[in-house]
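Here the structure comes first, spelled out in C-alpha cells, and everything after it is commentary.
Please read all numbers here as calculations on a predicted model, not as lab measurements. For this chain, numbers begin at 1 and follow the sequence in order.
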Amino acid sequence: MATTDLRIDIREFLSSRRARIAPERAGLPAYGGNRRVKGLRREEVALLAGVSVDYYVRMERGSLAGASDGVLDALASALQLDEAERDHLFHLARQSRAPGGPRRRRPAVTVRPALRRVLDAITDAPAWICNGRYDVLATNHLARALYSPVLADTRRPANTARFVYLDPGAARTFFVDYDRIACDVAAKLRMEAGRDPHDEELIALVGELSTRSELFRQRWASQDVRLHRSGRKRVHHPVVGRLDLDVESMELSAEPGLLLNVYTAPVDTPTADNLALLASWAATRQAPATELEAHDG
C-alpha cells in the first residue's frame with residue numbers, strides 16, 4: 001500500500017538506496033564471509049558521508065529536518081544518487097523542515113487561453129499540457145488524435161497513469177515500451193510526492209492505483225524516482241500504426257507544476273508519414289469535450 005507518511009518515505013528511500021550498493025562498488029573492503037545486510041551497512045554509509053553513525057541512523061529513521069545542504073550533498077555522494085534521486089532527497093529534507101500540514105486540495109487548474117492558443121498554433125506535431133500527476137489538461141488536435149486510446153476514458157481530466165496501470169491491456173497495445181513506461185510513470189509520481197506530500201489529489205491517485213494495481217504497488221515500493229525529460233516514445237496507434245516520436249517535455253515557468261509536451265519526428269521517415277495520416281484522420285473526427293469538462297467529484 002502506498003504511504004503518505006514523510007518519515008516512512010525517508011526511511012524507505014534511504015534504506016533502499018543503501019541496499020543496492022555493494023561495498024566494493026563504494027570502494028570499501030567486503031571482508032569476505034556472509035554479510036547480514038544487503039548492500040552497505042549504516043556505519044559504512046556514515047563513514048562515506050563523514051557523519052557519525054548515530055546521526056546517520058537518525059536520518060534513516062526519517063529525521064532530515066536538521067540536515068544541512070552540505071550533509072545532504074555528502075549523503076547523496078555516499079549513496080551514489082543520480083540527479084533525480086538527489087533532487088528527491090532535497091525535496092524530502094525540505095518537507096521535513098516545513099511545518100506539518102494537512103492534506104490540501106489544490107485549486108482546479110485552468111489552462112490560460114493564451115496557452116491554448118500556443119497549442120493550437122502547433123499544427124504539425126501533437127502537443128499537450130499536463131501536471132505532475134499526469135492529468136491531461138489541454139491538447140491540440142493532433143494530440144487528441146494521438147492519445148485517443150487514453151482519452152477514451154470518460155473521466156476528466158483524463159490521466160495517463162490511470163491508463164497505464166488500470167487499463168493495462170489497452171496500454172500494452174498502445175505503448176510499445178510498456179514496461180519502461182510503467183516504471184517511469186510510477187517513478188515520476190514518486191518524485192511529485194516528494195515535492196508535495198500533502199497534495200490531496202495526488203494522495204488519492206496513488207491510493208487508487210495502489211489498491212487496484214499489483215504492478216503499481218511493486219513499482220511504487222521500488223522507491224525509484226525520475227525527472228520529466230526529453231526522450232523517445234514509441235506507440236502503436238490504432239488507426240495509423242507505429243509512431244517513433246521524439247518527445248520534448250518543458251516546464252512552463254509562468255505556470256509552476258505544468259509541463260508542455262511536444263512530439264515530433266524527423267522528415268522523410270515512416271513516422272513523419274504516419275503523423276500526416278494522423279492529421280488527416282483527426283480532421284475527419286468530431287472534436288471531443290474539452291479536457292477539463294465533466295470532472296468526477
Y178 side chain to T173 main-chain N or O, any donor-acceptor pair under 3.5 Å? no
Does the side chain of R226 reach to within under 4.5 Å of the side chain of M191, using non-hydrogen atoms? no
For A46 and S52, the nearest pair of non-hydrogen atoms, with its separation, is CB-O, 3.8 Å
Report yes if the side chains of L89 and F13 come closer than 4.5 Å at any heavy-atom pair, otherwise no. yes
Y56 (side chain) donor-acceptor with E44 (main chain) under 3.5 angstrom: no
With a 4.0 Å cut-off on N to O distance, would you call R86 and D73 a salt bridge? yes
What closest approach, in Å, do L142 and A125 show between heavy atoms, and which atom pair accounts for it? CD1-N, 3.5 Å
Distance (rounded to the nearest 0.5 Å) between R17 CZ and E85 CD: 5.0 Å
Side chains of P157 and V136: closer than 4.5 Å at any heavy-atom pair? no
Contact summary for A74 and A49, nearest pair of heavy atoms: CB-O, 3.4 Å
Are D184 and R180 within salt-bridge range, i.e. N to O under 4.0 Å? yes
We want to know whether R25 and Q80 form a side-chain donor-acceptor pair, criterion being a heavy-atom distance below 3.5 angstrom. yes
Using the side-chain contact (heavy atoms from CB on, under 4.5 Å) rule, take L205 and N159 through it: C-alpha gap first, then chi angles, then the decisive distance, then the call. CA-CA 10 Å; L205 174 63; N159 183 278; 3.9 Å; yes
Does L227 share a hydrophobic cluster with V247, counting links as ILVMFWY side-chain heavy atoms below 4.5 Å and allowing steps through other members? no
Looking only at heavy atoms, the pair that brings G39 and P23 closest together is O-CD, 4.4 Å
So, D246 versus T264: side-chain donor-acceptor pair below 3.5 Å or not? no
Can you confirm whether more than 12 heavy atoms, excluding those of R112, are under 6.0 Å from its CZ atom? yes
Chi angles and distances behind the side-chain contact (heavy atoms from CB on, under 4.5 Å) call for F216, L189: CA-CA 11 Å; F216 180 80; L189 287 178; 4.1 Å; yes
If Ile, Leu, Val, Met, Phe, Trp and Tyr residues are connected whenever their side-chain heavy atoms lie under 4.5 Å apart, and connections chain through other members, are L115 and L260 in the same group? yes
To the nearest 0.5 Å, what is the distance between CD on E255 and CG on N131? 12.0 Å
In the structure I gave you, are the side-chain heavy atoms of R116 and P113 within less than 4.5 Å of one another anywhere? no
Carboxylate-amine/guanidinium contact D5 R7, below 4.0 Å: no
Can you name the nearest heavy-atom pair linking L40 to A78, along with the distance? CD1-O, 4.4 Å
For C130 and L137, what are the C-alpha separation, side-chain angles and deciding distance, and is it a side-chain contact (heavy atoms from CB on, under 4.5 Å)? CA-CA 5 Å; C130 70; L137 302 178; 5.5 Å; no
Ignoring hydrogens and geometry, is there a side-chain-to-backbone donor-acceptor pair from R156 to D153 under 3.5 Å? yes
Validation row: R242, V176 side chains within 4.5 angstrom (heavy atoms): yes
D244 versus A265, closest heavy-atom pair with distance: O-CB, 4.4 Å
To the nearest 0.5 Å, atom OG of S68 lies from atom CG of L75 at 10.5 Å
Can a salt bridge be assigned to the pair E192 and R133 using a cut-off of 4.0 Å between side-chain N and carboxylate O? no
Are V150 and W281 linked, directly or through intermediate hydrophobic residues, by side-chain heavy-atom contacts shorter than 4.5 Å (ILVMFWY only)? yes
Euclidean distance, R190 CZ relative to D9 CG, rounded to 0.5 Å: 5.0 Å
Test log, rule side-chain contact (heavy atoms from CB on, under 4.5 Å), inputs E83 and R229: CA-CA 12 Å; E83 182 184 357; R229 285 286 169 83; 2.9 Å; yes
Using the ring of each side chain (for Trp, its six-membered ring), is Y147 parallel, tilted or perpendicular to W128, with breaks at 30° and 60°? tilted
Same cluster or not: are V57 and Y55 linked, directly or through other Ile, Leu, Val, Met, Phe, Trp or Tyr residues, by side-chain heavy atoms under 4.5 angstrom apart? no
Should D87 and R195 be marked as a salt bridge (charged side-chain N to carboxylate O under 4.0 Å, His left out) after you check the CA-CA gap, both sets of side-chain angles, and the distance that decides it? CA-CA 9 Å; D87 285 357; R195 290 192 185 97; over 6 Å; no
Nearest-0.5 Å distance, CG of residue D120 to NE2 of residue H141: 9.0 Å
Donor-acceptor contact present, side-chain R144 to main-chain T139, <3.5 Å: yes
Measure the shortest side-chain to side-chain distance between L166 and E208 over non-hydrogen atoms and say whether it is less than 4.5 angstrom. yes
I'd like to know whether R219 forms a salt bridge (charged side-chain N to carboxylate O under 4.0 Å, His left out) with D224, so could you lay out the CA-CA distance, the side-chain angles of the two residues, the decisive distance to 0.1 Å, and finally the verdict. CA-CA 8 Å; R219 297 315 311 156; D224 290 339; 3.3 Å; yes
Rounded distance [0.5 Å steps], OH in Y134 versus CG in L202: 12.0 Å
Taking the side chain from R97 and the backbone from A67, do they hold a donor-acceptor pair closer than 3.5 Å? yes
Find out if a path of hydrophobic residues (ILVMFWY) with successive side-chain heavy-atom gaps under 4.5 Å connects L81 to V71. yes
After noting the C-alpha distance and the side-chain angles of R18 and E60, does the key distance pass the salt bridge (charged side-chain N to carboxylate O under 4.0 Å, His left out) rule? CA-CA 10 Å; R18 174 169 60 85; E60 192 173 294; 2.8 Å; yes
Does Q218 have more than 12 heavy atoms from other residues, nucleotides or ligands lying within 6.0 Å of its CD? yes
Would you say the side chain of L146 lies within less than 4.5 Å of the side chain of L245, judging by non-hydrogen atoms? yes
Are any of the side-chain heavy atoms of V51 and V45 separated by less than 4.5 Å? no
